[in-house]
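Worksheet for the structure shown next.
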Amino acid sequence: MSTVDSRSRIVNAMSIDVEDYFHVSVFDGIVPRSEWAAMESRVVANTTKLLDLFDEFAVKSTFFVLGWVAERHPDLVQSIADRGHEVASHGYAHRLIYDQTPEAFREDVRRAKQLLEDSSGRRVRGYRAPSYSITPRSLWALDILLEEGYEYDSSIFPIRHDRYGIPVSDRRPYPITRKAGTLLEVPGSTARLGPLNLPVAGGGYFRILPYAWTKWGIDRVNRIESRPVVFYLHPWEIDPDQPRLAAGLLGRFRHYRNLNATEERLRRLLTDFRFAPMSELVTQARATSFEHNDLAPSLPYSW
Ligand SMILES: [Zn+2]
């Protein structure tokens with residue numbers, strides 16, 4: 001007996017930012033980097049749980065792995081690659097880009113890329129900044145990514161947020177051409193409602209708001225705009241048993257809310273929509289982005 005597949009034919013991008021629960025920017029002032037190595041690590045178990053889940057649904061994803069994690073767990077990176085997923089870079093030390101000098105940032109992304117390529121045996125093409133921290137203050141980072149051999153970036157969120165975002169930047173993937181070459185920017189996904197860009201595809205928005213929000217948003221982008229979304233999640237978001245750290249009220253709400261419901265939600269998401277690694281969306285976008293780029297300025301700032 002065959003069942004009718006009512007999913008949109010659009011294939012979205014799945015992405016996981018591989019970091020441990022104590023790497024998250026909200027805990028920057030609470031767990032200093034010097035204490036990271038002494039913390040209980042849960043990233044291997046949580047990422048393996050995601051790998052098993054993706055196998056169950058026959059989904060391939062991109063894993064933006066933190067270099068600090070790759071250095072301690074090269075077998076995990078190898079296993080991500082061996083199981084058919086794309087390995088990409090989340091930088092080395094999870095420092096917000098606008099808090100770094102260009103020299104320190106270059107060192108960070110170079111070190112991460114080398115570690116990830118050594119442990120996966122594959123070339124790393126993509127980068128995502130800690131907390132989407134490419135903003136009007138840190139656009140210089142795009143030059144450095146190009147010079148260090150990255151081909152695409154997924155760090156500019158076209159929304160308003162206290163830590164990140166360029167609200168007027170393009171919602172679709174777009175090329176950024178500089179002296180060192182052309183980088184494809186693949187922004188975090190938003191649904192457009194009137195004048196607003198609403199973040200609808202991942203992280204806290206997926207975990208904290210009802211599942212219907214994400215389903216509505218992805219459906220809207222897939223069906224009305226006929227375009228894929230870029231979904232993102234962290235391994236710690238499916239780990240309700242992680243140690244509780246003493247962040248402020250807002251930080252605790254953002255980090256701990258609905259941890260016990262997220263795995264089940266992810267199962268619904270993988271049932272309701274199709275997904276592939278970022279690299280597939282990048283290949284598609286390269287073919288069409290120049291045409292899109294004529295319609296709207298991709299970045300509103302000179303830099
Ligand atoms: Zn991160």
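Only heavy atoms go into these numbers, but all of them, side chains included; no hydrogens, no water, no symmetry mates.
Taken from CG in D239 to CZ in R42, the straight-line distance is 4.0 Å, to the nearest 0.5 Å. Separation of atoms CD (Q242) and CG (L259) is listed at 5.0 Å; rounding is to 0.5 Å. For the atom pair I144 CD1 and E103 CD, the distance stands at 7.0 Å (nearest 0.5 Å). The NE2 atom of H23 sits 9.0 Å away from the CE atom of M39 when rounded to the nearest 0.5 Å. Here T101 contributes atom OG1 and F105 contributes atom CZ; the two are 10.5 Å apart, rounded to the nearest 0.5 Å. In this structure, I10 CD1 and R223 CZ are separated by 9.5 Å, a value rounded to the nearest 0.5 Å.
If you check the side chains of R192 and N197, you find a donor sitting under 3.5 Å from an acceptor. Y92 and E71 share a side-chain donor-acceptor pair at under 3.5 Å. If you check the side chains of R128 and S154, you find a donor sitting under 3.5 Å from an acceptor.
Side-chain contacts under 4.5 Å among hydrophobic residues (ILVMFWY), followed directly or transitively, place I208 together with F253. By the 4.5 Å side-chain criterion applied to Ile, Leu, Val, Met, Phe, Trp and Tyr, Y98 is assigned to a cluster that also includes L96.
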> Could you go step by step and tell me if E151 and R123 meet the salt bridge (charged side-chain N to carboxylate O under 4.0 Å, His left out) rule?
Replying inline: CA-CA 11 Å; E151 293 173 26; R123 198 159 56 87; 2.5 Å; yes
> Passes side-chain hydrogen bond (donor to acceptor under 3.5 Å, both in side chains), N258 versus Y211? Steps please.
Replying inline: CA-CA 11 Å; N258 282 347; Y211 175 70; over 6 Å; no
>> side chain to side chain contact (heavy atoms under 4.5 Å, CB included) for S169 and F157? Distances and angles first, verdict last.
In response: CA-CA 8 Å; S169 60; F157 225 126; over 6 Å; no
>> Test side chain to side chain contact (heavy atoms under 4.5 Å, CB included) on F64 and I16; report intermediate values, then the result.
In response: CA-CA 6 Å; F64 291 96; I16 304 294; over 6 Å; no
>> As a quick check of understanding, evaluate side chain to side chain contact (heavy atoms under 4.5 Å, CB included) for V65 and T47, giving each step before the final call.
In response: CA-CA 10 Å; V65 184; T47 306; over 6 Å; no
>> Quick one, Y174 with I156, criterion side chain to side chain contact (heavy atoms under 4.5 Å, CB included). Give me CA distance, side-chain angles, the key distance, then yes/no.
In response: CA-CA 11 Å; Y174 51 92; I156 300 180; 3.9 Å; yes
>> What verdict does the salt bridge (charged side-chain N to carboxylate O under 4.0 Å, His left out) test give for K113 and E117, after you've listed the backbone C-alpha separation in whole Å, the side-chain angles of each residue and the deciding distance to 0.1 Å?
In response: CA-CA 6 Å; K113 190 165 185 284; E117 290 181 344; 3.1 Å; yes
>> With side-chain hydrogen bond (donor to acceptor under 3.5 Å, both in side chains) as the criterion, how do S131 and S25 come out once you've worked through the C-alpha distance, each side chain's angles and the decisive distance to 0.1 Å?
In response: CA-CA 7 Å; S131 297; S25 303; 2.7 Å; yes
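Between R171 and E225 there is a salt bridge, since a side-chain N of the basic residue sits under 4.0 Å from a carboxylate O of the acidic one. Between R268 and E264 there is no salt bridge, since none of the side-chain N atoms of the basic residue sits less than 4.0 Å from a carboxylate O of the acidic one. With respect to R106 and E147, a salt bridge is recorded, a charged nitrogen being found less than 4.0 Å from a carboxylate O. The pair E35-R33 fails the salt-bridge criterion, with no side-chain N (NZ, NE, NH1 or NH2) lying under 4.0 Å from an Asp/Glu carboxylate O.
With sequence neighbours left out, L193 forms a side chain to side chain contact (heavy atoms under 4.5 Å, CB included) with L198, W216, R220. Under the salt bridge (Lys or Arg N to Asp or Glu O under 4.0 Å) criterion, E56 pairs with R267, not counting sequence neighbours. Contacts of A247 classified as side chain to side chain contact (heavy atoms under 4.5 Å, CB included), with partners at least two apart in sequence or in another chain: F27, I30, R252. Applying the salt bridge (Lys or Arg N to Asp or Glu O under 4.0 Å) rule to D52 yields the partners R83; only residues at least two apart in sequence or on another chain are considered. Y150 meets the ring pair (Phe, Tyr, Trp, His ring centres under 6.0 Å) test with Y127; sequence neighbours excluded. Applying the salt bridge (Lys or Arg N to Asp or Glu O under 4.0 Å) test to R95 and every residue at least two apart in sequence or in another chain returns nothing. Under the side chain to side chain contact (heavy atoms under 4.5 Å, CB included) criterion, D82 pairs with Q78, R122, sequence neighbours left out. Every residue two or more places apart in sequence or in another chain that forms a ring pair (Phe, Tyr, Trp, His ring centres under 6.0 Å) with F63 is listed here: H85. Applying the side chain to side chain donor-acceptor pair (under 3.5 Å) rule to R265 yields no partners; only residues at least two apart in sequence or on another chain are considered.
S61 contributes a side-chain N or O that, together with a main-chain N or O of M14, makes up a donor-acceptor pair within less than 3.5 Å. The closest donor-acceptor contact from the side chain of T48 to the backbone of V44 lies under 3.5 Å. A distance-only check finds a donor-acceptor pair linking the side chain of E86 to the backbone of S279 [under 3.5 Å]. Judged by distance alone, the side chain of D108 and the main-chain N or O of A104 form no donor-acceptor pair under 3.5 Å. Looking only at distances, a side-chain donor or acceptor of T62 sits under 3.5 Å from a matching main-chain atom of M278.
Looking at D20 and W236, their side chains never come closer than 4.5 Å, going by heavy atoms from C-beta outward. The closest side-chain heavy-atom distance from V186 to D153 is not below 4.5 Å. Counting only heavy atoms from C-beta outward, the side chains of Y205 and V200 never approach each other to under 4.5 Å. Side-chain contact between H90 and V18: absent, with no pair of heavy atoms (C-beta onward) separated by less than 4.5 Å. Side chains of T182 and I176 form no contact here, defined as non-hydrogen atoms less than 4.5 Å apart. Contact of the P173 side chain with the E185 side chain is not registered, since no non-hydrogen atoms from C-beta on lie closer than 4.5 Å. Side-chain contact between L183 and P175: absent, with no pair of heavy atoms (C-beta onward) separated by less than 4.5 Å. In this structure, L266 and L50 have side chains that are in contact, with non-hydrogen atoms separated by less than 4.5 Å.
The minimum heavy-atom distance linking A88 with V124 is given by the pair CA-CG1, 4.0 Å.
A centroid separation of 6.0 Å or more is found between the aromatic rings of W68 and H94.
In the displayed structure, R244 atom CZ is contacted under 6.0 Å by more than 12 heavy atoms of other residues, nucleotides or ligands.
F206 and V26 fall within the same hydrophobic cluster, defined by Ile, Leu, Val, Met, Phe, Trp and Tyr side-chain heavy atoms under 4.5 Å apart, directly or through other members. Following chains of ILVMFWY side-chain contacts shorter than 4.5 Å, one cannot reach V11 starting from F273, and the two form parts of different hydrophobic clusters.
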Under 3.5 Å, sequence neighbours excluded: what are the donor-acceptor pairs made by side chains of residues 228-235?
{"from": "H234", "atom 1": "ND1", "to": "E237", "atom 2": "OE1", "distance (Å)": "2.8"}

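Of the residues listed (L139, I134, T135), the one engaging I97 in a side chain to side chain contact (heavy atoms under 4.5 Å, CB included) is I134, and it is the only one.
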